[in-house]
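Here the structure is a predicted model, which is why all the values come from computation and not from measurement. Chain A is the first sequence line, chain B the second, and so forth, proteins listed ahead of strands; every chain is numbered from 1.
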Amino acid sequence: MSDIPQDISHDQHAVRLKKLHDLRAAGADPFRANCEQTHFSAEALKAYVDGQDYTVPVKVAGRLVVIRDMGKSQFVKILDQQGQLQLYVKKDQVGEAAYAAFKKLDLGDIIGAEGPLFKSQSGEITVRVDKYTLVSKALRPLPEKWHGLTDREQIYRQRYLDLIVNEESRKRLMQRSRIVASIRATLANRKFLEVETPVLEGVAGGAAARPFTTHHNALGTDFFLRIALELRLKRLLVGGYDRVFEIGRVFRNEGVSTKHNPEFTMLEVYQAYSDFRGMMDLLRAVFADLCRDVIGATEIKHAASGQVINFAGEWREARYFDLIDEAAGFKLSALRHTPDYRAKATEAAQKLGLEIHPGWETHEIVNEIFGKKIEPTLIQPTFVTHLPKELCPLAKLNAEDPGLIDVFECIIGGMEVAPAYSEQNDPFVQREMFEQQVGEDQQKMDTDFLLALEHGMPPAGGMGVGIDRLCILLTGAESIRDVILFPSLRPGGSS
RNA sequence: GGGUUGGUAGCUCAACGGUAGAGCAGCGUCCUUUUAAGUCGUUGGUUCCGGGUUCGAAUCCCGGCCAACCCA
């Protein structure tokens with residue numbers, strides 16, 4: 001090289017580039033195509049037979065995250081999907097040249113290593129390295145080993161770094177995968193078909209939310225990104241798929257907060273010849289399996305309230321208006337069909353310190369009481385039933401009181417986890433409900449869905465579960481961003 | 001959209017308006033069972049960006065960017 005010699009010792013990127021250059025000059029491949037691996041880290045730890053040092057050989061691979069250099073030997077740790085594993089590299093064992101090369105490795109490099117397991121003096125199961133290979137050179141330094149990465153922006157924008165150095169993040173986000181896998185298994189066991197339906201829709205229905213719009217060039221038309229899965233899945237009920245579910249991304253063009261990400265994951269499940277009570281059983285089955293497969297207990301500690309949430313006991317059932325009356329301190333619900341209702345509801349809400357917007361419908365005022373004063377207090381699993389019909393236009397009306405609907409809202413830890421309905425299958429009632437909604441929110445009506453209903457949809461129970469919120473609940477996360485690998489951020493930002 | 005807080009070395013953080021520092025990482029040395037390993041030495045800065053006030057600004061003021069929290 002004819003490079004002017006210069007001090008690059010302060011520039012970690014430059015130091016590593018130099019090492020990379022030297023490796024290539026020496027004929028090594030710093031970015032190999034593969035690496036044989038017989039055990040993940042946790043599997044290797046399990047494979048060790050107590051008292052039988054140096055008898056079980058393993059081939060492992062991972063990223064160097066700890067290096068403790070003691071001159072002629074060093075203890076290092078690699079990180080793989082299952083966690084960390086200690087390796088012991090000795091000059092005598094690997095040979096002089098290989099040892100010298102090992103000393104040039106950096107934190108963050110990815111290596112493969114093989115050798116037998118043994119227990120170190122301090123009792124840690126360790127691989128005594130006979131051979132090792134650098135399989136991927138890391139050209140950038142890792143964040144600090146002790147404090148990890150704390151800068152929120154960097155955690156979200158460079159999640160891979162967060163996953164490497166922050167163990168809680170790695171575990172929490174893996175927990176999410178297990179939660180989803182457990183739910184899939186529960187539903188498969190109950191003969192539900194998993195399906196995929198369009199993200200691009202001509203009409204964004206199934207919920208009240210502002211959609212994102214996009215444009216299809218070849219078709220020369222605008223599309224909406226779906227805001228719910230409901231209307232497509234119900235068409236499948238019409239088509240004779242009696243038990244279907246989809247776990248899919250939906251998009252709502254609304255605010256961002258600790259509980260809202262513009263794109264989030266919904267489970268929606270529909271079961272023909274069932275109803276909202278059948279969905280109660282199903283939801284409890286989902287939680288029973290989650291307790292067994294993921295949590296490993298039937299209860300969790302709820303950080304926000306300090307309470308222990310018990311999933312194994314009886315789940316409380318409560319009528320919406322009983323809870324409202326309780327919060328209001330008088331029988332507000334008795335006035336539902338009287339001209340005084342709005343005034344009394346407003347009075348009750350204001351007495352509870354709530355701000356009421358003059359443009360709100362009466363049911364919105366009442367629901368403000370529910371959302372602000374009741375929901376947050378429902379920590380133990382609670383099915384709230386007999387909701388007013390204005391809240392969900394896709395549910396069956398209650399036989400005894402057509403102002404109410406056959407639904408539940410399952411609330412756990414003060415958070416709405418799952419709404420479920422006895423699904424509306426009367427095309428006339430459905431059209432009427434849509435027309436009211438269209439009047440209010442200027443949404444387009446999904447007339448093709450109404451056509452499908454006219455072909456006959458079997459009675460069915462349906463349920464939606466916000467997967468992200470479920471993960472917040474089960475992992476004790478503080479924000480939805482902590483259970484989404486790559487939460488929505490403004491593009492650009494740092495670097 | 002409004003309010004509050006924050007942005008300083010690769011990372012974690014200091015620095016009353018008066019010479020920008022520490023730990024880890026890096027670089028160089030010692031050490032063949034370490035556990036945030038230890039040891040001796042040492043490099044490294046567009047203090048987020050742009051203006052302003054001041055003899056002097058990381059610090060005070062204004063504007064912008066990005067993020068977090070609270071509110072709507």
Given that A/Leu107 and A/Ser73 both sit by RNA chain B, which one's nearest nucleotide is further toward the 5' end?
A/Leu107

Taking atom C1' in both B/rG44 and B/rC11, what distance in whole Å separates the two?
14 Å

Would you mind pulling out the nucleotide paired to B/rG38, Watson-Crick or G-U wobble, both distances under 3.5 Å?
B/rC30

Quick one: which of B/rA67, B/rC70, B/rC31 gets closest to the side chain of A/Thr258?
B/rC70

Given B/rU33, B/rA72, B/rU34, identify the nucleotide with an atom nearest to the side chain of A/Tyr54.
B/rU33

Using a heavy-atom cut-off of under 4.0 Å over every strand shown, decide if A/Arg481 touches base, sugar-phosphate, or nothing.
sugar-phosphate

Taking atom P of B/rA37 as reference, at what distance in whole Å does atom CH2 of A/Trp146 sit?
9 Å

Closest-nucleotide 5' rank along RNA chain B - winner of A/Lys90 and A/Leu489:
A/Lys90

Nearest listed nucleotide, side chain of A/Arg490, among B/rC66, B/rG10, B/rC11:
B/rC66

Tell me the partner of B/rU59, counting only Watson-Crick (N1-N3 plus N6-O4 or O6-N4) or G-U wobble (N1-O2 and O6-N3) with both under 3.5 Å; none if nothing fits.
none

What is the base-pairing partner of B/rC69, counting Watson-Crick and G-U wobble geometry with both distances under 3.5 Å?
B/rG3

Taking atom CG of A/Leu470 and atom CG of A/Leu267, what is their separation to the nearest 0.5 Å?
9.0 Å

Which nucleotide, B/rC27, B/rU34, B/rC11, lies nearest any side-chain atom of A/Val15?
B/rC27

Ion pair present between A/Arg172 and A/Glu168, side-chain N to carboxylate O less than 4.0 angstrom?
no

For the side chain of A/Ser120, starting at C-beta, report the closest nucleotide among B/rA37, B/rC69, B/rU34.
B/rU34

Kindly indicate whether the side chain of A/Phe40, heavy atoms from C-beta on, has any atom under 4.5 Å from the side chain of A/Gln81.
yes

Between P of B/rU32 and CG of A/Asp130, the distance in whole Å:
20 Å

Taking NZ from A/Lys372 and P from B/rC70, how many angstroms apart are they, rounded to a whole number?
14 Å

Using a heavy-atom cut-off of under 4.0 Å over every strand shown, decide if A/Glu355 touches base, sugar-phosphate, or nothing.
nothing

Using a strict cut-off of less than 4.0 Å between a Lys/Arg side-chain nitrogen and an Asp/Glu carboxylate oxygen, indicate whether A/Lys19 and A/Asp22 qualify as a salt bridge.
no

Which word best sums up how the rings of A/Phe102 and A/Tyr99 line up, parallel for under 30°, tilted for 30 to 60°, or perpendicular for over 60°?
parallel

Can you tell me how far C1' of B/rC24 sits from CG of A/Asp151, to the nearest Å?
17 Å

Of the nucleotides B/rG26, B/rA68, B/rU33, which one has an atom closest to the side chain of A/Ser9?
B/rG26

Please work out if A/Gly148 contacts a base, only the sugar-phosphate, or nothing of the nucleic acid, heavy-atom cut-off 4.0 Å.
sugar-phosphate

Ignoring hydrogens and angles, are the base of B/rU34 and the side chain of A/Gln86 linked by a donor-acceptor pair under 3.5 Å?
yes

Rounded to whole Å, how long is the line connecting atom CZ of A/Arg140 with atom P of B/rG26?
16 Å

Length of the CD-P vector between A/Gln158 and B/rA67, whole Å
14 Å

Taking atom types as they are modelled, is there a donor-acceptor pair under 3.5 Å from the base of B/rA25 to the side chain of A/Glu144?
no

Under 4.0 angstrom between A/Arg157 side-chain N/O and B/rA68 OP1 or OP2
no

Whole-angstrom distance between B/rG52 and B/rU59, as gauged at atom C1'
15 Å

Short side-chain N/O contact to B/rC27 OP1/OP2 from A/Lys19, under 4.0 Å
yes

Salt bridge between A/Asp482 and A/Arg152, side-chain N to carboxylate O under 4.0 Å?
yes

Rounded to the nearest angstrom, tell me the gap between atom NZ in A/Lys91 and atom P in B/rU32.
9 Å

Base, sugar-phosphate alone, or nothing: which one does A/Val66 contact when heavy atoms must sit under 4.0 Å apart?
sugar-phosphate

Would you call A/Lys72 and A/Asp92 a salt bridge, using N to O less than 4.0 angstrom?
no

P atom, B/rG45 versus B/rU29: distance in rounded Å?
23 Å

Between B/rC48 and B/rA58, how far apart are the C1' atoms? Round to whole Å, please.
12 Å

Just checking A/Tyr99: base, sugar-phosphate only, or nothing, at a heavy-atom cut-off of under 4.0 Å?
nothing

With rounding to the closest Å, how many angstrom separate the C1' atoms on B/rU47 and B/rG6?
14 Å

Can you find a donor-acceptor N/O pair under 3.5 angstrom joining the side chain of A/Thr150 to the base of B/rU12?
no

Give me the distance, rounded to whole Å, that separates B/rU19 from B/rA57 when you measure between the C1' atoms they each carry.
14 Å

C1' atom, B/rU43 versus B/rG26: distance in rounded Å?
8 Å

Should A/Gln154 be listed as having a side-chain N or O under 4.0 Å from OP1 or OP2 of B/rC11?
yes

Nearest-angstrom distance from the residue atom NZ of A/Lys145 to P of B/rG26
8 Å

Residues A/Arg226 and A/Glu201 bridged, charged N to O under 4.0 Å:
no

Contact class for A/His10 vs. all strands (heavy atom < 4.0 Å): base, sugar-phosphate, or nothing?
base

Any side-chain N or O of A/Arg68 under 4.0 Å from OP1/OP2 of B/rG38?
no

Out of B/rA68, B/rC31, B/rC11, which nucleotide sits closest to the side chain of A/Lys72?
B/rC31

Winner on side-chain proximity to A/Phe75, out of B/rA67, B/rA68, B/rU33, is B/rU33

C1' atom, B/rU54 versus B/rC61: distance in rounded Å?
12 Å

Look at atom NZ of A/Lys103 and say whether more than 12 heavy atoms of other residues, nucleotides or ligands are closer to it than 6.0 Å.
yes

